[in-house]
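Reviewing the structure listed below.
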Amino acid sequence: MSYSEVYQKACRNPEEFWAEIAENVHWYKKWDKVLDDSDKPFYRWFSGGRTNVCYNAVDLHVEEGRGEQAAIIHDSAITNRQQTITYNDLKAETARFAGVLKAHGVGYGDRVVIYMPMIPEAVISMLACARIGAVHCVVFGGFASNELAIRIDDCEPKLVVSASCGLEPGRTVEYKPLLDQAIGLARHKPDHCIVLQRPQAEATMIDGRDIDWTRAMQEAGQVECVPVLATDPLYILYTSGTTGQPKGVVRDTAGGIVSLKWSMKNIYNMEPGEVYWAASDVGWVVGHSYIVYAPLFNGNTTIVFEGKPVGTPDPGVFWRVISEHRVKVLFTAPTAFRAIKKEDLHGDFIKKYDISCLESLFLAGERTDPDTLNWAREKLGVPVIDHWWQTETGWAICSNCMGIEALPIKEGSPTRPVPGWQLEALDEQANAVKPGDVGALVVKLPLPPGTFPTLWNARQRYMDSYMNTYCGYYETGDAGYIDEDGYVFVMSRTDDVINVAGHRLSTGAIEEVLASHPDVAECAVMGVADALKGELPLGCLVLNAGVERDEREIVEECIRLVREKIGPVAAFKLATVIKRLPKTRSGKILRGTMKKIADHAEWNMPATIDDPAILDEIAESLQKLGYAGA
Ligand code: COA
Ligand code: AMP
């Protein structure tokens, strides 16, 4: 069938479409209802069914004869080590770690926070939770204690799984002190922490609370998969909202299995047994969906990569991994390619390796700029597919579906909506805009399986943030247009979320931290263009009257404060002191105009500004800062 035929089929009768696909997964009990719409807009897929994520990801393949196939290849470019874990090994390790969890009181519905670097034990921990019906919440290692504490308080885990350290180029990040500090800050105290001691740093353990991973694994028995409800939560993954309180995106069990398994063939054109590599981190949604779950549901080999696109040790590391492990599809963020291109413009490192196994490159996390797209396509000689999705959606809203029909590529567009997604661009009155005109990108409800049925502990926030603005639609928070051919162009966010190196950050959360500095009266943070990371946060600080300290010292303190409170991942390094913030007469900060000034883009004097002279002062301050724009 062509793309259009599959797309139309999914639109005509979503229940029939997804029920047919759901036949390809393992069920202990089939669903009573394909789509339960009794509590709109909280739609539930496959309600009444019983299944298990870990069984579908691991045990099923062992039973079907894939036991000797590699399930995970851990390639640590930082330590120069590689390890292959077969499906047989993965089943044994996961069953044993599920035994460890159970022995320490974790059961069905309990939450487990996982704070780990890119090592196989992170994947084993996630699968072990799924095996016993516990809900995991992975927290990215680049977040500081305070962010970890916020997540601990929100999801109230029974237990935390961690490692003694993560490895960044040239730096060992000790996780255990960060974890101890987070538990100190949090109101909720987990009963236990299971800690994997890595040779690069030894964690100090707290008697009675902390448990050594290796010893616990030696003592534990293996535990079988537990049938859980199709609608039970598999995980919570926090993502940036407009405030300092992140949103706990919930993913449910069956929807995730059905949609992700389908996506492997239909979007990425992967057959079971082939090697797939998502060069991201398990702490992000890409890591959940495409390092861990989708490739395993589909019986693929997944690469768990500990390293960076450059500097570990050189810009050839991606090509080495592809050629050594015979990777068919690579998925990463455009920023990784910009980093490689910067260091190897002519692609000399690519020529050193045989990457003939690579069939396509998928990019997401931010819009793929035409320069990056063309460079990658020319140097790799494979299709480069931009696809658009979000933590909330769990898988792609728009993509060129390579397993259905490869459509012509248009630069700057993630192609057309994936079957299952009915996308529209609307104006403020909820009318469809003309093809080519920019509007809010919204998805007609119900969302397909595998998306987020709610936010953890925040039903009303789910409504307010996503469902209330356009009745009957999910508001993506992205603006863009759909052209005459149905191609989608995602242009910008409609909220205060910025995108730094493919990571989503809240300017509001950074502003909250800056405002807590005793000398700061007011501040504004915006995302300014950066040639490598896409955007970087820039802070404009207004000091309290009477502060006479050296401004540079205050700026340094503010930068340190953001690193301490949010973490290095915020990449907050640009800040300047200004006299006043430009505001409209009604008091709204003119962030958009400030951003244009910072980016050296064209800007017009806003008609509603209360004091036009202030913008010249800001331009002068930004010039002094030395930020050159992209
Ligand atoms: N644990 C602790 N610290 C971490 C971390 C982790 N897991 N991941 C990143 N950090 C730190 C980095 O060390 C860096 O600290 P620094 O300010 O002391 O240098 C900071 O957080 C910013 O990290 P990063 O955004 O990775 O920047 P970088 O300069 O180290 O690397 C790129 C730049 C482009 C190479 C890198 O961002 C990259 O590979 N991006 C790929 C994109 C990606 O994976 N996106 C996920 C969605 S698909
Ligand atoms: P996250 O939830 O962290 O995955 O970030 C999702 C956001 O990243 C989206 O809402 C977009 O703003 C942006 N994004 C992701 N992929 C793309 C893409 N292919 N094109 C444009 N923006 C993208």
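Note that ligands are numbered from 1 as they come in the structure, with each ligand's atoms numbered from 1 the same way. Keep in mind that the numbers below use all heavy atoms, side chains included, and drop hydrogens, waters and symmetry copies. Positions are given from 1 along the sequence.
- Every atom of ligand 1 is numbered from 1 in the order shown, and the set under 4.0 Å from a heavy atom of Gly502 is 47 (C).
- For ligand 1, the atoms sitting less than 4.0 Å from at least one non-hydrogen atom of Val569 are 21 (O), numbered in the order shown with element in parentheses.
- Per-atom contact check: atom 36 (C) of ligand 1 does not touch the protein, criterion being a heavy-atom distance below 4.0 Å.
- The nearest non-hydrogen atom to atom 39 (O) of ligand 1, considering only Pro309, Ala336, Gly141, comes from Pro309.
- In this structure, the side chain of Thr239 does not engage the main chain of Lys247 through any donor-acceptor pair within 3.5 Å.
- Under a 4.0 Å heavy-atom criterion, Tyr115 is not in contact with ligand 1.
- Close contacts between ligand 2 and Arg504 involve ligand atoms 1 (P), 2 (O), 3 (O), 5 (O), 6 (C) [criterion: under 4.0 Å to a heavy atom].
- Contacts with ligand 2 closer than 4.0 Å are made by heavy atoms of both the backbone and the side chain of Thr391.
- Near Lys573, meaning under 4.0 Å from one of its heavy atoms, ligand 1 places the atoms 16 (P), 17 (O).
- Between His503 and ligand 2, a contact under 3.5 Å exists for no N or O pair.
- Paired with Trp395 under the rule ring pair (Phe, Tyr, Trp, His ring centres under 6.0 Å), one option of Phe452, Trp421, Trp389 passes, and it is Trp421.
- At least one heavy atom of Phe140 sits closer than 4.0 Å to an atom of ligand 1.
- A donor atom on one side chain and an acceptor atom on the other are found under 3.5 Å apart for Gln82 and Asp75.
- Of the listed residues (Arg171, Arg563, His503), the one carrying the non-hydrogen atom nearest atom 43 (C) of ligand 1 is His503.
- Between the side chain of Gln197 and the backbone N or O of Ala203 there is at least one donor-acceptor pair closer than 3.5 Å.
- A ring pair (Phe, Tyr, Trp, His ring centres under 6.0 Å) with His288 holds for exactly one of Phe140, Tyr235, Tyr293; it is Tyr235.
- When Lys308, Met118, Met116, Glu168 are ranked by how near their heavy atoms come to atom 26 (O) of ligand 1, first place goes to Lys308.
- Under 4.0 Å from ligand 2, not a single heavy atom of Trp284 appears.
- Counting heavy atoms under 4.0 Å from ligand 2, residue Val497 does not touch it at all.
- Side-chain polar atoms of Glu411 and Asn374 form a donor-acceptor pair below 3.5 angstrom.
- In this structure a side-chain-to-backbone donor-acceptor pair under 3.5 Å is missing from Thr372 to Thr368.
- At a distance under 4.0 Å, no protein heavy atom can be found next to atom 32 (C) of ligand 1.
- Atom numbering of ligand 2 starts at 1 in the shown order; those under 4.0 Å from a heavy atom of Asn499 are 8 (O), 13 (C).
- Under a 4.0 Å criterion applied to the non-hydrogen atoms of Ser280, ligand 1 contributes the atoms 44 (O), 46 (C), 47 (C), 48 (S).
- Tested against Phe362, the residues Tyr268, Tyr290, Phe331 include a single ring pair (Phe, Tyr, Trp, His ring centres under 6.0 Å) partner, Tyr268.
- For ligand 2, the atoms lying closer than 4.0 Å to a non-hydrogen atom of Val490 are 21 (C), 22 (N).
- Annotation for ligand 1: atoms under 4.0 Å from non-hydrogen atoms of Tyr175 are 1 (N), 7 (N).
- Sparse packing is recorded around NZ of Lys565, with 12 or fewer heavy atoms of other residues, nucleotides or ligands lying under 6.0 Å away.
- Looking at Ala571 against ligand 1, nothing comes within 4.0 Å, counting heavy atoms.
- Using a 4.5 Å heavy-atom cutoff, the side chains of Cys401 and Pro419 are in contact.
- Atoms of ligand 1 lying under 4.0 Å from at least one heavy atom of Ala501, given by number and element, are 25 (O), 37 (O), 42 (C), 45 (N).
- At least one cation-pi condition fails for Arg560 and Phe572: the charged atom is not both under 6.0 angstrom from the six-membered ring centre and inside a 45 degree cone around its axis.
- Ligand 2 has an N or O atom lying under 3.5 Å from an N or O atom of Asp386, backbone or side chain.
- Between His387 and Asn400, the side chains place no donor N or O within less than 3.5 Å of an acceptor N or O (distance only, hydrogens not considered).
- Nearest protein neighbour of atom 29 (O) of ligand 1, counting heavy atoms only, is Lys533 NZ, 3.4 Å.
- Here Arg338 has no heavy atoms under 4.0 Å from ligand 1, in either its backbone or its side chain.
- Judged by a 6.0 Å distance limit and a 45° cone about the ring axis, Lys444 is not positioned over the six-membered ring of Tyr473.
- Side chains of Phe143 and Leu148 form no contact here, defined as non-hydrogen atoms less than 4.5 Å apart.
- On a distance-only criterion, Arg493 and ligand 2 share at least one N/O pair closer than 3.5 Å.
- The protein heavy-atom contact nearest to atom 6 (C) of ligand 1 is Gly142 N, 3.5 Å.
- With ligand atoms numbered from 1 in the order given, ligand 2 contributes 14 (N), 15 (C), 16 (N), 17 (C), 18 (C), 19 (N), 20 (N), 21 (C), 22 (N), 23 (C) to contacts under 4.0 Å with heavy atoms of Glu366.
- Donor-acceptor pairing under 3.5 Å is recorded for the side chains of Glu475 and Thr469.
- With Ser399 contributing its side chain and Ile267 its backbone, the two residues share no donor-acceptor pair below 3.5 Å.
- The shortest N or O to N or O distance between His387 and ligand 2 is below 3.5 Å.
- Not a single heavy atom of Gly365 lies less than 4.0 angstrom from ligand 1.
- One option in Thr335, Leu532, Thr391, Val286 has a heavy atom closer to atom 40 (N) of ligand 1 than any other, and that option is Thr335.
- Shortest contact from atom 22 (C) of ligand 1 to any protein heavy atom: Pro568 O, 3.7 Å.
- Residue-ligand proximity, Trp389 to ligand 2, at heavy-atom distances under 4.0 Å covers atoms 6 (C), 9 (C), 15 (C), 16 (N).
- For the pair Gly365 and ligand 2, the shortest N or O to N or O distance falls below 3.5 Å.
- Side-chain contact, His517 with Glu557: a donor N or O sits under 3.5 Å from an acceptor N or O.
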